[in-house]
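These numbers were taken from a predicted model, which means no experiment stands behind them. Lettering follows sequence order; numbering is per chain, from 1.
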Amino acid sequence: MGMTMSQKILAKHAGLEKVVAGQLIRAKLDMVLGNDITSPVAINEFNKAGFDGIFDKDKISLVMDHFTPNKDIKAATQCKQCRDFAGKYDITNYFDVGDMGIEHALLPEKGLIGPGELCIGADSHTCTYGALGAFSTGVGSTDMAAGMATGEAWFKVPSAIKFNLTGKLSKYVTGKDVILHIIGMIGVDGALYRSMEFTGEGLSSLNMDDRLCIANMAIEAGAKNGIFEVDDITLEYCKGRVNRPFDIFKADDDAEYDEVIDIDLSTIKQTVSFPHLPENTKTIDEITEDVKIDQVVIGSCTNGRMSDMRIAAEILKDKHIAKGVRCIVIPGTQKVYLDCVKEGLAEIFINAGCVFSTPTCGPCLGGHMGILAAGERAVSTTNRNFVGRMGHIDSEVYLASPAVAAASAVAGKIAGIK
Amino acid sequence: MKAHGIVHKYGDNVDTDVIIPARYLNTADHKELASHCMEDIDKDFVKTVKEGDIMVANMNFGCGSSREHAPIAIKASGISCVIASTFARIFYRNSINIGLAILECKEAAEDIEKGDEVEVDFDTGVITNITKNHTYQAQPFPEFIKEIISKGGLLNSLKK
């Protein structure tokens, strides 16, 4: 029996010819990631365990993105702890306010993850980098501490679900609609402990931003990782970014999958996840009632990339958001921010009455920069709509694509775009 | 190794945002995190929890964010063991890595109710509901994980 893409990457990094689902392995890491919330816990553990060195100063990334620019004294203290640690060990990829971005938008953009590499991150959306054909998964702070010290981590080799994509997406239907559709279909634990592997001729209609968005939300189906087969689109993206040799792994023809799910991209419609679980999806034409909204958030590690900004701006151009709605647009990185300025998108957003912010995870997790009061509703391009996720426990988050979010901001209620 | 305590019971898909809301993640202090544990779904938890108590839930416990603050808050609040039908994988991993005992057992998760007195034997995987006089069999930990736990967590197991 052959191996899946994920299993091949794990086998290579464990120095093994072959691995099988369920096997426990130790594997070498190409990147260890942490942010301003998870790194302080890891640094405390690292120090407590008595480590006095890191495995590779170029293979650790610390990104100050969650509560930055520092929202309060405690947040400032946590960032300072990370900054001091990065300074002490001369960590190359330390990103602070001014050159940072939301971690999962930033690392691919900087070429810090390449195809076939193995990455762990103390953030659940670390699964994003599977879009590049890497094995990448979220872990906790203790794993991060051990990873920084030893350059290794333990894994239970996952089994997998194969998603065979065909067809082409319709206009204004994006990667976000694809992943919300899938989570609606298989549920928030539909891929629990498993890999979600994406392949098929439909890949050619998904740009890198679509793929990064889809892989990003694999965790929302409980998956260990999401991974895309490497093709010309991946290689084009890596050109000039990933300046080191990398391996491309394809699944064996006889690889064993728990399940194979066929998805015709042309049948997918604009999709919204209703509170309080990402699996509570409805297509836009299934929403018959008026769902009035108070806030729209366009950004995050899920949808803060350039194609997200462009589609939102296309819809908001020469329009104004509805009275009584606050619309917060947050580019994912400094580069996306600058490109928005250069392409005139910043002006479109501001003229439409939106807030245009420096990169931050901020409102996605109810941190800062757009917290909801009791009874308020938001349409958000983020990834979670759990109870209290964006603020008060009696507030509501509806997950959608940047196109639907922008159209909703103009309409003052959940709305699609034709 | 055994745990023995009174049960706090929850449903499906308990996520890490309700176990410890992000608004409290500006600190890594264990006691402070514990003081807000389960706040968004069970305001009384921190008032009623006693050292050694047991948490029981249904499917996909600990889904969502990878914040290790979630198992830390549960452990620091005095909970000695979490039993669920299934766990989200990062939460499962984090719990083992910090030394919070955690068992998957669908039968126990479905039968045990709030307030039941329960005993857990980690060596055999036997869970005893003293209140109802029922027993349930969970999978004991595999050797690899037993070694991490017996050494007091992942980092201690790596110390030279």
Side-chain angles (χ1 to χ4, degrees), chain A residues 24 37-38 40-46 48-51 66-67 71-75 77-78 81 121-126 137-146 149-150 154 156 158 187-189 192-193 219-220 222-224 276-277 279 364-367 371 384 386-389 391 393, chain B residues 12-19 21-30 32-33 39-41 43 58-72 85-99 104 142-145 147-148 152-160:
Chain A
L24 287 161
I37 286 178
T38 57
V41 177
I43 293 166
N44 289 344
E45 292 302 314
F46 183 97
K48 215 159 63 186
F51 293 119
H66 275 61
F67 290 166
K71 77 179 183 106
D72 55 27
I73 295 168
K74 284 180 175 172
T77 308
Q78 297 206 124
Q81 190 184 1
D123 187 280
S124 59
H125 293 110
T126 302
T137 189
V139 296
S141 297
T142 297
D143 278 312
M144 179 192 169
T150 65
W154 65 270
K156 192 171 174 184
V188 293
D189 60 353
L192 197 58
Y193 302 119
I219 178 69
E220 261 49 76
K224 183 167 194 144
H276 288 286
L277 279 177
E279 70 185 22
C364 170
L365 74 163
I371 306 302
R384 292 193 175 124
F386 299 150
V387 171
R389 174 75 178 178
I393 56 169
Chain B
D12 288 337
N13 299 314
V14 173
D15 61 76
T16 55
D17 275 275
V18 296
I19 295 172
R23 59 185 179 275
Y24 303 120
L25 299 183
N26 53 4
T27 178
D29 182 76
H30 293 198
E32 202 176 332
L33 291 169
E39 185 175 291
D40 283 359
I41 52 164
K43 285 220 175 319
N58 295 324
M59 304 285 283
N60 202 25
F61 185 87
C63 62
S65 150
S66 67
R67 61 191 71 159
E68 204 159 289
H69 311 68
I72 288 172
S85 299
T86 57
F87 290 94
R89 58 160 285 275
I90 305 178
F91 183 90
Y92 187 85
R93 197 180 169 97
N94 286 346
S95 299
I96 288 163
N97 284 344
I98 67 158
E104 276 191 348
E143 282 305 315
F144 182 81
I145 286 172
E147 194 184 317
I148 292 177
L154 178 68
L155 289 179
N156 284 327
S157 76
L158 293 173
K159 273 190 201 168
K160 301 265 152 61

Distance check, rounded to the nearest 0.5 Å: [X] atom [atom1] versus [Y] atom [atom2]?
X	Y	atom1	atom2	answer
I98(B)	S141(A)	CD1	OG	10.0 Å
E39(B)	I393(A)	CD	CD1	8.5 Å
F67(A)	L25(B)	CZ	CG	5.0 Å
K48(A)	N156(B)	NZ	CG	8.5 Å

- [ ] Could you tell me which portion of F91(B) (side chain, backbone, both or neither) has an atom closer than 4.5 angstrom to a non-hydrogen atom of chain A?
- [x] neither
Quick check: closest heavy atoms across [X] and [Y], and the distance to 0.1 Å?
X	Y	answer
S124(A)	G64(B)	CB-O, 3.6 Å
S66(B)	A122(A)	OG-C, 3.5 Å
A88(B)	L192(A)	CA-CD1, 3.8 Å

Task: Any residue meeting side-chain hydrogen bond (donor to acceptor under 3.5 Å, both in side chains) with N26(B), in chain and number order, not counting sequence neighbours - done: D72(A)
Quick one: does [X]'s side chain get under 4.5 Å of [Y]'s, heavy atoms only?
X	Y	result
D17(B)	V387(A)	no
C63(B)	E220(A)	no
V41(A)	R67(B)	no
I37(A)	H69(B)	yes
F46(A)	L155(B)	no
T142(A)	N94(B)	no
V188(A)	D15(B)	no
N97(B)	W154(A)	yes

Open item on the list: Is it the case that over 12 heavy atoms from other parts of the model lie below 6.0 angstrom from the NZ atom of K156(A)?
Closed with: no
Task: Among the listed options I41(B), V18(B), D12(B), T27(B), the residue most often paired with chain A at heavy-atom distances under 4.5 Å - done: T27(B)
Interface moiety of [X] toward chain B, non-hydrogen atoms closer than 4.5 Å:
X	result
Q78(A)	side chain
L277(A)	side chain
D143(A)	both

Open item on the list: Out of D123(A), T38(A), T150(A), return the one with the most heavy atom pairs under 4.5 angstrom to chain B.
Closed with: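 Among D123(A), T38(A), T150(A), the one with the most close pairs to chain B is D123(A).
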TODO: Under 4.5 Å, counting heavy-atom pairs only, tell me which of T137(A), N44(A), T77(A) racks up the most with chain B.
DONE: T137(A)
- [ ] Kindly write out the residues that satisfy salt bridge (Lys or Arg N to Asp or Glu O under 4.0 Å) with K74(A), not counting sequence neighbours, or none if the list is empty.
- [x] E32(B)
